[in-house]
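Input: a single structure, listed below in structure tokens.
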Amino acid sequence: MTDGTSPKDELQEAAQPVRRGVLVCGVVQGVGFRPTVYRLATEEGLAGFIGNDTDGVTIEIEGRLARVEAFLARLRDEAPPLSRIDSIVVSEAAVTGETGFRIVASEVLGRVSTGIPADAATCPDCLRELLDPNDRRYRYPFLNCTNCGPRFTITRRIPYDRPQTSMARFPMCPACQAEYDDPLNRRFHAQPNACWDCGPRVSLVGAEGAEITVDDPVTAAIDRLLAGEIMAIKGIGGFHLSVDATNEDAVMRLRQRKHRYGKPLAVMVRDLAAARKLCDLTAEEEALLLTPARPIVLARMREDNGIAADVAPGLPWLGVYLPYAPLQHLLFADERVRALVMTSANLSEEPIAIDNEEARMRLGGIADGFLMHDREILQRCDDSVMAVVDGGPQLVRRARGFVPLGAELPLDAPPLLAMGGHLKNVFALARGRRVYQSQHLGDLENLTGLEFFKESLDHLMRTFEIEPQTVVHDLHPGYLSTEWAKEWARERGLGVIAVQHHHAHVAGCMAEHGLQKPVIGLSLDGTGYGTDGKIWGGEVLICRLDGFERFAHLEYVPMPGSTAAIREPWRMAMGHLHAAGFDVASTEVLSLVGAKENEVRVLKRMMERGVNSPQTSSLGRLFDAAAAVVLGRRVVDYEAQAAIEMEGIAVDQPDEEAAYSMQLIEGDWAAREPVRICAEPIWRGLIEDLRVGMSTPRIAARFHVAVAEGFVQAAVRARTATRIGQVAMSGGCMHNRRLARLLRVGLEAEGFEVFQHAQVSPGDGGLSYGQAAVAAAILAKRN
Ligand SMILES: [Zn+2]
Ligand SMILES: [Zn+2]
Ligand SMILES: [Zn+2]
């Protein structure tokens, strides 16, 4: 032996105990990590301890080297299902000679554990117990374990321990306590652990608010649903309004009472097999349906699937999802229940109702009865919505199951609050490389919305112990949220940074992919306030994280009637056709958009004089205008409806060569004068096709090709001017699957490297993440 050791020495060395410190970061608290580690350490015959730490869990293990190595390998391979390991850092430690493995309380490490896991769908083990007549939790609507159950929505403050949750008022019975205390039990430290003897109860309540005594409230609720009644059912993040999705009358009545006419309703079904009967699901969509977040997945509807036509009127997609709470599983355990409409119990874009009293008051005029329970919901959280776009998962609405999981930034941020947008608000708190986005809060136009915002901000600040030093808000001076942000910052003496809407969109996509060098950003969107005071939304930006230049934009057109033109797409059609040189008072245009002569005369005068007709470069508005002309969509019931229908009608159309085109009007990059992308040729082609009687699906498909091609050509010019070959795409229009695919394919054919959102929404729900990235870059530069 050249190094002086003999095989005997080596053997002796291998038998010598070693000790290692192991720091595991990621989602490792409240997800059954400690019992798993306890089991692995015990099985490998190792001594030591595990405890929760500020950044994750700290483990120390002691034993023979081979066993320690086996333990470390198994730690990754056998981590519990809801955990996510971001990093494992192993360090040497001095051998102490201790025996046995312990789980230590958080305080022993002298640090508070932070973080609350996201709510997770009932796990297979719990589901088996729920339906097993021999189990002590048979049909118990609140069973859960460390691998599943409510988390975020039942927690008041950190640390995530039972006394800080709405389970505090339910002391555990001896059987539950024994499970809770046993490190080898699936319910070890499962904070919401409960059973028939000690936990929350379900009750049936009539429309007028009085409890109805029945043997089994669940079966009674099912009977009422099957009789066509509207039931308000308390879930995990709020109440749902539910009706039998196969009952046309019931669906219609729900719409009338909720004042929600066009917007599609989500449908819950028993399992994947049932979902396949409603929709043609891709493998990616099936995978999304089964994730612990159990989002609503927008998928292609099958013909004659038995679902009432009014559930998703005029659209080829259906929002479908699977039960995620034991109470929901019990509804579907009844063979008679096929599909239930489950829609957030609120009036449109108001916060979802969570409190029993609040529900009685707000839903009394809508629901025929309530299926309630006495476990309080502490954080409102809607269902999340996802879609598979261009082959990848995309967040349409970020809420239950995703909150409060964080996302990474490519650079360090000081503690900051990013306000997000005005509509469909999601705000964010950032510190270091982590950004914690709130749940979907709805619109901040009114005081109810702002109250929900303040309540959620307060909770998230406490949860992550983040005291913002800087507040980031949208550039728009008139938003209620901007006013509030400035005032809040002033009171606390904090710095303020304003970020342009479309810059934030692209910066979000850049940050998600760790891009810090300039990119060509396509920000294709509905509405955002521009640096020139006009309404932007069809933007080609040369983007850095800390700033941008505007390389090209859709040519400005008037929005006659301002925000009224968003609700009434026929006005946008007038704006576009007027800008394209058509006589909007002509009989042909009048009949195209179904407008009356007198209303058009007024509009025309407004546009000519520039009265109440702000200029916009929004791509969303171009889609609205096209939908008004091609589909006769005069008024919309919900945001982006016209654009969604334009995409929907073309769903089965093949792509064809560009039949219409956009005209690029040269700018001067050196003088920072943008290229203008002009839609006039699209209108000429489209109207000609209508004249010759071409089918509307085909026209809609041609329209998509022309729009994509126009922006691809603008990106090519941007590359010529700047030599940048990377394109980041963002904005609400990226929810359009056809447009996203055509853009990506077109850009790749031109040799670009294309980046799209993966974990952050391309819509305004992702805005706060992008704002945080911009602010972090600006602040890093200042220091
Ligand atoms: Zn479970
Ligand atoms: Zn119990
Ligand atoms: Zn936007």
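Every number for a ligand or one of its atoms is a count from 1 in the order of the listing. In this text, all values refer to a predicted model and were calculated from it rather than measured experimentally.
Atoms SG of Cys198 and SG of Cys195, as seen from the Zn ion (ligand 2), are separated by an angle of 120°, to the nearest 10°. Vertex the Zn ion (ligand 1); arms to Cys145 atom SG and Cys123 atom SG; angle 100° (nearest 10°).
No side-chain donor from either of Asp119 and Tyr324 sits under 3.5 Å from a side-chain acceptor of the other. A donor-acceptor contact closer than 3.5 angstrom is absent between the side chains of Thr531 and Gln500. With no hydrogens or angles considered, no side-chain donor-acceptor pair links Glu129 and Tyr140 at under 3.5 Å. At a cut-off of 3.5 Å, with distance as the only test, no side-chain donor of Gln164 or Thr155 sits close to an acceptor on the other residue.
Within Asp764, the N, O or S atom lying nearest to the Zn ion (ligand 3) carries the name OD1. Counting just the N/O/S atoms of His501, the one with the shortest distance to the Zn ion (ligand 3) is named NE2. The Zn ion (ligand 3) sits nearest to atom OD2 when only the N, O or S atoms of Asp525 are considered. Nearest N, O or S atom of His505 to the Zn ion (ligand 3): atom NE2.
Test His476, His502, His422 against Tyr529 for ring-ring contact (aromatic ring centres under 6.0 Å, His included) and you get one pass: His476.
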What verdict does the ring pair (Phe, Tyr, Trp, His ring centres under 6.0 Å) test give for His189 and Tyr180, after you've listed the backbone C-alpha separation in whole Å, the side-chain angles of each residue and the deciding distance to 0.1 Å?
CA-CA 5 Å; His189 283 202; Tyr180 184 91; 5.0 Å; yes

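Between the Zn ion (ligand 3) and His502 there is no N/O/S contact shorter than 2.8 Å.
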